[in-house]
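Keep in mind that what you see is a predicted model, and the values were worked out from it rather than measured. In what follows, every chain begins at residue 1, and chains take the letters A, B, ... in the order their sequences are listed.
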Amino acid sequence: MRASQLFFPTLREVPAEAELPSHRLLLRAGFIRKLAAGVYSYLPLGYKVLKKIEAIAREETNAAGGQEILMPSLQPVELWQETGRWDVDVLFKLEDRSGRWHGLGMTHEEVVTDIVRRDVRSYKELPLNLYQIQTKFRDEPRPRGGVIRAREFIMLDSYSFDRDDEGLDLSYRKMRRAFSRAFARLGVDFIIVEAESGAIGGKDNQEYMVLAGSGEDMVLRCDQCGYAANAERCEIADRGYEPSDEPGEPLDVADTPGMKTIEQVTGFLKTPPKKLVKTLIYEADGKPIAALVRGDRDLNEAKMSRMLDMDKLEMASPEMIVKLTGAEVGFSGPVGLKNVRIVADYEIRAMANFVTGANKTDAHYLNVNLDRDFRVDGWADIRVASDGDPCPKCAGVMRATRGIEVGHIFKIETKYSKAMDATLLDEDGREKHFIMGCYGLGVSRMLAAVPEANHDKDGMIWPMSVAPFEAVVLLLNPDDEAQLGAAVRVYEELQERGVDVLLDERDERSGVKFKDADLLGIPVQIVVGRLASEGKVEVRLRRDKQGRELVLDEAAREIVSIIETEKRRLLEAADRVS
RNA sequence: CGGGGCGUGGCUCAGCUUGGUAGAGCGCUCGUUUCGGGUGCGAGAGGUCGGGAGUUCAAAUCUCCCCGCCCCGACCA
């Protein structure tokens with residue numbers, strides 16, 4: 001490809017809308033353009049990278065036994081009603097001219113289960129893994145980061161069908177390996193973490209995280225045993241929370257007019273948040289329950305509902321709180337609280353002389369102590385994990401890092417097959433529900449995650465496997481015949497050897513070409529300049545820009561060798577993870 | 001959905017407080033110059049000031065309503 005023919009509108013200035021490095025760079029390099037919030041066009045270079053990402057995801061899924069299909073985006077309301085997911089608020093819904101409602105596919109459990117229940121009858125046809133790479137729609141409450149969290153995006157979604165748990169285990173392991181290999185080939189550092197399944201359902205599920213400081217998700221990793229989990233899922237060991245030996249001070253009351261939040265109370269009383277106990281009133285299946293966590297911690301609602309073994313857990317209404325505690329929201333506390341079950345986080349056990357709401361508007365208790373002033377009905381791990389928490393699997397300590405979720409795999413078991421009554425006839429002659437797994441890989445999100453994890457001040461740095469071009473020939477002065485001849489020769493020789501190469505022969509200053517080449521992040525740069533008159537060119541990697549001179553006769557061969565080495569390195573990385 | 005901010009040429013932004021001729025830089029076009037890190041010089045094109053209503057002799061500027069976009073939070077299948 002010749003740069004003069006290529007549509008890649010690069011921007012010198014950063015569009016005001018972009019915050020994340022990857023978003024800014026994708027816009028500046030002319031890879032994507034926004035049409036509306038969370039809705040993007042992929043321009044030639046962005047689309048080219050996207051297709052390379054897709055191809056790798058497809059290859060690995062095929063190798064794991066997946067069969068590619070393509071399901072509709074437009075899906076009738078009845079299908080969604082079968083599983084109750086019509087009420088999901090991120091589902092895009094639309095009405096047709098005759099008043100029928102449709103959902104735009106966000107994931108395709110319903111459709112694929114419908115396909116399978118119609119045409120798969122026998123255990124002999126299992127296991128089955130069907131997948132697609134397709135545009136998905138989600139009415140995100142808040143799109144952000146360009147294509148990181150979009151409302152229309154491209155995902156590979158795969159679904160496995162087995163007759164028993166052993167089969168599911170095997171299918172799951174195969175797909176986990178396939179995705180691991182794919183991400184390794186995409187040249188990113190990633191970790192697999194335990195995760196929350198959300199409303200997809202099922203118990204076992206794991207996420208693939210690309211480590212990046214700007215990631216939306218907080219991930220905890222044990223520095224000893226390697227346990228890793230999304231903070232929203234991460235368990236915390238009940239360890240190191242011995243009762244305090246601090247002598248108990250007498251219980252006291254402080255006036256705290258209008259001080260409702262932790263921040264206000266700590267500021268007003270000049271007490272650190274660690275000395276506060278937050279009391280959160282919930283309603284679980286109609287019954288009130290009080291949850292206690294340290295003032296600087298967050299309650300983990302998922303852990304709460306799991307512990308209570310209830311699906312429906314809601315913050316109590318302000319009216320309910322007034323009725324129960326006798327005080328407005330913001331002044332609840334465990335002392336003197338009646339007819340409410342009190343559940344406390346393990347960590348509270350190590351606290352003494354702490355501050356709580358006084359169950360009286362505009363007042364807080366000081367020097368509250370366990371047992372003396374109130375009783376806890378149950379101890380549990382109910383807070384969101386954070387840096388420094390004890391590992392649940394070993395004696396280690398967990399460290400927090402940020403990550404971008406680029407894949408999520410689930411054992412959904414019979415959640416959908418039961419809801420949709422999808423059954424097979426097993427060997428014993430009995431009807432059974434399919435045991436399912438589902439596996440999602442964010443294709444368009446990877447377009448951003450790769451440069452998010454791999455860029456410098458000058459632009460993106462693409463791995464060889466998905467780079468928009470493998471090499472770029474910078475013809476610095478097209479009017480210089482020696483340079484023109486050398487550049488065209490290298491360009492053509494590389495093409496003959498199957499290299500995906502760009503020739504920048506634009507009538508531009510050399511500075512523009514260097515800047516654009518860096519911005520685009522093409523891994524190998526071949527600079528054809530003054531040295532051309534001596535029959536030499538300079539080759540360098542975008543990564544480090546360490547240049548080396550090559551004589552023209554050997555240039556193409558050397559460059560091919562560099563490219564092959566890079567490709568091999570990525571494939572070897574894939575072999576290592578699997 | 002709650003809080004905050006923004007909307008003026010393709011891009012980044014000034015002008016708005018205190019109403020009166022719509023600006024700069026970059027980009028773009030033409031000429032010229034230069035040719036290994038977004039050249040120098042000259043000329044030029046390009047704007048319903050997000051939309052609507054109102055106040056006023058007069059609105060980018062003041063008032064109201066609506067729309068869009070961004071950030072923080074909630075949420076995130």
Side-chain angles (χ1 to χ4, degrees), chain A residues 9-20 23-24 27-28 30 33-39 80 83-92 103-110 136-146 148-151 153 155 157 159 195-202 205 207 214 216-217 230 232 261 263 298 301-302 315 404-405 408-410 412 415-416 438-440 442 445 457-459 474-480 483-484 487 504 506-519 525-533 536-538 540 545 547 549:
Chain A
T10 57
L11 266 28
R12 190 181 218 168
E13 294 194 75
V14 189
E17 69 195 47
E19 193 92 338
L20 290 186
H23 188 195
R24 301 157 77 120
L27 287 168
R28 280 193 56 209
R33 286 292 183 261
K34 184 176 73 179
L35 179 62
V39 182
W80 292 98
T83 57
R85 293 213 298 174
W86 181 251
D87 300 320
V88 168
D89 51 14
V90 297
L91 179 66
F92 265 108
L104 289 179
M106 51 179 183
T107 65
H108 283 63
E109 283 81 4
E110 283 82 358
K136 300 280 186 270
F137 300 88
R138 283 181 201 170
D139 194 359
E140 288 285 350
R142 187 175 152 204
R144 69 187 113 174
I148 293 259
R149 178 171 294 278
R151 295 196 297 167
F153 60 98
M155 180 166 112
D157 49 321
Y159 306 88
E196 269 313 325
S197 63
I200 279 253
N205 74 98
E207 287 170 334
S214 55
E216 288 185 285
D217 291 278
N230 192 315
E232 63 191 24
T261 65
E263 207 170 49
D298 290 315
E301 290 190 16
M315 283 285 254
I404 301 167
E405 179 193 345
H408 201 159
I409 57 179
F410 308 76
I412 48 178
K415 173 167 171 160
Y416 294 86
C438 82
Y439 319 90
R445 185 175 278 189
K457 64 175 174 39
D458 296 318
L474 302 177
L475 170 52
L476 297 188
N477 185 355
D479 295 330
D480 180 309
Q483 292 187 27
L484 177 66
D504 194 348
R506 291 176 298 170
D507 183 20
E508 290 284 357
R509 304 269 312 174
S510 54
V512 173
K513 299 183 188 185
F514 283 120
K515 291 288 183 193
D516 276 347
D518 288 350
L519 181 60
Q525 302 179 345
I526 299 120
V527 184
V528 182
R530 288 195 193 107
L531 293 169
S533 59
K536 287 180 182 168
V537 296
E538 183 187 333
R540 58 191 197 177
K545 295 196 198 145
E549 292 177 15

Using the [atom1] atom in both, what is the distance from [N] to [M], to the nearest Å?
| N | M | atom1 | result |
| --- | --- | --- | --- |
| B:rU39 | B:rG25 | P | 16 Å |
| B:rC41 | B:rU33 | C1' | 8 Å |
| B:rU56 | B:rG19 | P | 16 Å |
| B:rG7 | B:rA45 | C1' | 25 Å |
| B:rA59 | B:rA24 | P | 24 Å |
| B:rC6 | B:rU17 | P | 15 Å |
| B:rU8 | B:rG15 | C1' | 9 Å |
| B:rG37 | B:rC1 | C1' | 49 Å |

What is the distance from [atom1] of [X] to [atom2] of [N], rounded to the nearest Å?
| X | N | atom1 | atom2 | answer |
| --- | --- | --- | --- | --- |
| A:L11 | B:rG25 | CG | C1' | 15 Å |
| A:L27 | B:rC69 | CG | P | 15 Å |
| A:R151 | B:rA77 | CZ | C1' | 17 Å |
| A:R149 | B:rC76 | CZ | P | 10 Å |
| A:E140 | B:rC1 | CD | P | 15 Å |
| A:D139 | B:rC1 | CG | C1' | 13 Å |
| A:E19 | B:rG5 | CD | C1' | 12 Å |
| A:R24 | B:rU12 | CZ | C1' | 12 Å |

Nucleotide forming a Watson-Crick or wobble pair with [N], both distances under 3.5 Å:
| N | value |
| --- | --- |
| B:rC26 | B:rG10 |
| B:rC69 | B:rG5 |
| B:rC62 | B:rG54 |

Students often get this wrong, so: under 4.0 angstrom with heavy atoms, is [X] touching a base, only sugar-phosphate, or nothing?
| X | value |
| --- | --- |
| A:P141 | base |
| A:A18 | nothing |
| A:R28 | base |
| A:K513 | nothing |
| A:D89 | nothing |

Open item on the list: Using the side-chain heavy atoms of A:A37, tell me which of these nucleotides is nearest: B:rC69, B:rG25, B:rA77.
Closed with: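 Nearest nucleotide to the side chain: B:rC69.
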Task: Which nucleotide in B:rG73, B:rC11, B:rC69 has an atom nearest any side-chain atom of A:P15 - done: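 Nucleotide nearest to A:P15's side chain: B:rC11.
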Open item on the list: Whether the side chain of A:R28 engages the backbone of A:L11 through a donor-acceptor N/O pair (distance < 3.5 Å, no angle test) should be reported.
Closed with: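 Answer holds: yes.
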How many angstroms lie between [atom1] in [X] and [atom2] in [Y], if you round to the nearest 0.5 Å?
| X | Y | atom1 | atom2 | answer |
| --- | --- | --- | --- | --- |
| A:Q483 | A:S510 | CD | OG | 9.0 Å |
| A:L104 | A:L91 | CG | CG | 7.5 Å |
| A:K513 | A:L475 | NZ | CG | 5.0 Å |

TODO: Would you mind reporting whether A:Y159 and A:H108 have side-chain heavy atoms less than 4.5 Å apart?
DONE: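 A side-chain contact exists here, since the closest heavy-atom pair is under 4.5 Å.
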Open item on the list: Quick one, A:R506 and A:D516 - any side-chain contact, counting heavy atoms below 4.5 Å?
Closed with: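 The answer is yes, as the side chains (C-beta and beyond) meet within the 4.5 Å cut-off.
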Open item on the list: Salt bridge or not between A:E109 and A:K415? Use side-chain N to carboxylate O under 4.0 Å.
Closed with: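 Here A:E109 does not pair with A:K415 in a salt bridge, since their nearest N and O are not under 4.0 Å apart.
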Task: Distance-only donor-acceptor test (3.5 Å): side chain A:R85, base B:rA77 - done: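 Such a pair exists between side chain and base.
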TODO: Assign each of A:W80 and A:A16 to its nearest nucleotide of RNA chain B by heavy atoms, then name whichever residue's nucleotide is nearer the 5' end.
DONE: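 Mapping each residue to its closest nucleotide by heavy atoms, the 5'-most match is A:A16.
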Task: Residue met sooner reading RNA chain B from 5', once A:H23 and A:D516 are mapped to nucleotides - done: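 Nearest-nucleotide comparison on RNA chain B picks A:D516.
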- [ ] Check A:K34, A:R33, A:R24 against A:E17 for a salt bridge (Lys or Arg N to Asp or Glu O under 4.0 Å) and give me the one that passes.
- [x]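 That would be A:K34; it is the only one of A:K34, A:R33, A:R24 passing the salt bridge (Lys or Arg N to Asp or Glu O under 4.0 Å) with A:E17.
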Task: Summary of protein contacts for nucleotides 32-37 of chain B, nucleotide by nucleotide, where a base hit scores B, a sugar-phosphate-only hit scores S (4.0 Å, heavy atoms) - done: --BBBB
TODO: Only one of A:R138, A:K136, A:R85 passes side-chain hydrogen bond (donor to acceptor under 3.5 Å, both in side chains) with A:T107; say which it is.
DONE: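 The passing option is A:R85.
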